[in-house]
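Structure first, then comments.
Heavy atoms only: backbone and side chains are in, while hydrogens, waters and symmetry mates are out. None of the values given here were measured: they were computed from a predicted structure.
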Amino acid sequence: MSESTREPVLIDLALQGGGAHGAFTWGVLDRLLEVPWGRLDGISGTSAGAMNAAVLAHGLLEGGREGGKRALEQFWRRVSNAALLSPFQRGPLEILTGRWTLDYSPLFVMSDLASRVLSPYDYSLQGANPLRRILEESVDFGRLNAAPIRLFVTATNVRTGRGRIFRNGDLSADALLASACLPTLFQAVEIDGEAYWDGGYTGNPTITPLVRECDSQDTILVQINPIERPGVPRTAAEIHNRLNEVAFNSPLMKELRMAALLRRVADPGSGEGRVWSQMRIHRISSAMMTDLSSSSKLLAEWAFLCMLRDEGRRAAEAFLDAHGADVGVRSTFDLDELIEGF
């Protein structure tokens, strides 16, 4: 059966956050929008993943699949243009050697050290986040209730430590900025009298609403934070980077382990048991993301973003070649491996 004659398959997407590395997800989405049998049902996103989700939903409203592709490109172009004024730039040596890192930037190193002893509340930068203007230019939040896909954006409630899910009607620039609010860089974002930090601390991204509230039985996880990394980190920067990776992957891994356990013990005849037992999980990732330094999450040079986009498209193409026929039929990400040894 050719792709053009294949019966439509409802698909949910789970999009991780990771700063500029979210351009990898842009590439994945760009390729998936070209799949004729794929029908997006819901998207759960955190931080950059949440922004990709909202921009895509806006684009689909404006012009269908081609509108979604245009909206994503325009959003990342705006991010890159705003970064031209950023103090965080690669040095001459990094440019000459083609290295995508800020690890040797004195200003980045000083800022990183300062963030460990100074609070964002020690200086007044609240409201200065350039992403606010970019988001307001890129998304018509008032129309998202009419979007053809369900959106779920996670932010972390500072007071309770629990995740909050913002849905289509709740979404705003503030909600997306809350989902991406790193507490060492920005003051907490206040919404309805509550303060919020980055959603990655409680769900990166959150899977449960996709399973419970969407009709699709297939969820594709677009992973940009490596789960495994060879060797033991030795330098302070490597240790700090690995700690962040573990912390931001932990909520997702716990939720997937819970899903694996529920699939084993739930009664497939009951409502909740049937929902979990029928869930199919897939994953799109790239080994290249492991090679990137953590500091490159702050790099938004257009060439870097395009390189990540192209890698995202390549990874999505490889997934479709290997597992496209399995979507709608069986899981291709083995959840049972996650509970071995527990």
Side-chain angles (χ1 to χ4, degrees), residues 12-30 32-33 40 42-62 67-83 86 128-144 147 149-156 163-182 185-186 189 191 196-206 221-225 248 296-300 302 304-306 308-309 312:
D12 292 332
L13 297 175
L15 310 181
Q16 283 199 316
H21 292 183
F24 172 84
T25 302
W26 163 30
V28 172
L29 297 175
D30 194 69
L32 292 181
L33 285 169
L40 285 178
I43 304 179
S44 178
T46 297
S47 192
M51 295 179 190
N52 275 320
V55 170
L56 173 58
H58 167 85
L60 291 173
L61 278 171
E62 292 292 306
K69 291 165 75 76
R70 284 194 303 271
L72 286 166
E73 180 170 0
Q74 289 169 358
F75 169 74
W76 285 102
R77 175 70 78 172
R78 287 171 176 144
V79 170
S80 180
N81 288 340
S86 169
N129 192 333
L131 279 173
R132 179 181 297 279
R133 177 181 56 81
I134 293 170
L135 290 169
E136 290 172 346
E137 291 174 351
S138 301
V139 180
D140 184 347
F141 291 100
R143 294 186 61 203
L144 286 185
I149 51 180
R150 300 176 178 93
L151 299 175
F152 308 97
V153 169
T154 303
T156 301
R164 173 178 171 180
I165 306 297
F166 294 88
R167 293 165 174 80
N168 295 54
D170 305 321
L171 287 177
S172 63
D174 278 339
L176 295 180
L177 291 174
S179 183
C181 179
L182 290 172
L185 295 179
F186 299 103
V189 177
I191 301 173
Y196 292 94
W197 282 340
D198 196 298
Y201 297 111
T202 49
N204 191 22
T206 306
L221 168 65
V222 181
Q223 191 156 28
I224 59 179
N225 293 310
F248 279 106
S296 65
K297 293 179 179 180
L298 295 176
L299 271 177
W302 184 240
F304 181 55
L305 299 181
C306 288
L308 289 171
R309 175 204 61 195

**Request:** Give, for atom CH2 of Trp76 and atom CG of Leu308, the distance between the pair rounded to the nearest 0.5 Å.
**Result:** 8.5 Å

**Request:** Check side chain to side chain donor-acceptor pair (under 3.5 Å) between Arg167 and all other residues, then give those that pass, not counting sequence neighbours.
**Result:** Glu213

**Item:** Arg77: partners by salt bridge (Lys or Arg N to Asp or Glu O under 4.0 Å), with sequence neighbours left out
**Value:** none

**Prompt:** So do Leu33 and Leu60 actually touch side chain to side chain, heavy atoms under 4.5 Å?
**Reply:** yes

**Item:** Non-neighbouring partners of Leu298 that pass side chain to side chain contact (heavy atoms under 4.5 Å, CB included), sequence neighbours left out
**Value:** Phe88, Leu102, Phe108

**Complete:** Shortest non-hydrogen pair, Arg132 vs Asp174, comes out as NH1-OD1, 2.8 Å

**Message:** Under the rule for ring pair (Phe, Tyr, Trp, His ring centres under 6.0 Å), what residues qualify as partners of Tyr201, not counting sequence neighbours?
**Reply:** Phe248

**Message:** If we ignore hydrogens and angles and just use 3.5 Å, is the side chain of Asn204 paired with the main-chain N or O of Gly17 as donor and acceptor?
**Reply:** yes

**Asked** With side chains defined as the heavy atoms from C-beta onward, is the minimum distance between Met51 and Leu131 less than 4.5 Å?
**Response** yes

**Message:** I'd like to know if the side chain of Asn225 and the backbone of Gly18 have a donor-acceptor N/O pair within less than 3.5 Å.
**Reply:** no

**Asked** Which heavy-atom pair separates Ser138 from His58 by the least distance, and what is that distance?
**Response** O-CD2, 3.1 Å

**Fill in**
Applying side chain to side chain contact (heavy atoms under 4.5 Å, CB included) to Ser179 and not counting sequence neighbours gives Thr46, Ala50, Val153

**Asked** What's the shortest heavy-atom distance between Asp170 and Ala175, and which atoms?
**Response** O-CB, 4.3 Å

**Request:** State which residues pass ring pair (Phe, Tyr, Trp, His ring centres under 6.0 Å) with Tyr196; sequence neighbours excluded, sorted by chain then number.
**Result:** Phe166

**Which residues share a side chain to side chain donor-acceptor pair (under 3.5 Å) with Arg309, sequence neighbours left out** = none

**Request:** Please list, chain by chain and in numerical order, all residues satisfying side chain to side chain donor-acceptor pair (under 3.5 Å) with Glu62, sequence neighbours excluded.
**Result:** Arg143

**Item:** Nearest atoms (heavy-atom pairs only) where Asn168 meets Ile149
**Value:** ND2-O, 3.0 Å

**Prompt:** Which atom names give the shortest non-hydrogen contact between Ala57 and Leu151, and what distance separates them?
**Reply:** CB-CD1, 3.8 Å

**Prompt:** What distance separates Gln16 CD from Ile224 CD1, expressed to the nearest 0.5 Å?
**Reply:** 6.0 Å

**Message:** Show every side chain to side chain donor-acceptor pair (under 3.5 Å) that has at least one partner inside residues 21-30, sequence neighbours left out.
**Reply:** His21-Ser296, Asp30-Lys69, Asp30-Arg313

**Message:** Restricting to side chain to side chain contact (heavy atoms under 4.5 Å, CB included), what partner residues turn up for Thr206, sequence neighbours left out?
**Reply:** Ser44, Thr154, Ile165, Pro209, Glu255

**Prompt:** Taking all non-hydrogen atoms of both residues, which atom of Thr202 and which atom of Gly163 are closest, and how far apart?
**Reply:** OG1-CA, 3.4 Å

**Those residues that, when tested against Asp198, pass side chain to side chain donor-acceptor pair (under 3.5 Å) (two or more places apart)** = none

**Request:** Report yes if the side chains of Asn81 and Trp302 come closer than 4.5 Å at any heavy-atom pair, otherwise no.
**Result:** no

**Fill in**
Distance col, row Phe24:CZ vs Leu305:CG, nearest 0.5 angstrom, shows 14.0 Å

**Item:** Gap separating the CG atom of Leu56 from the CD1 atom of Ile43, nearest 0.5 angstrom
**Value:** 4.5 Å

**Asked** With Glu136, which residues qualify under salt bridge (Lys or Arg N to Asp or Glu O under 4.0 Å), at least two apart?
**Response** none

**Complete:** Here the gap from Leu32 atom CG to Leu40 atom CG, rounded to the nearest 0.5 Å, amounts to 7.5 Å

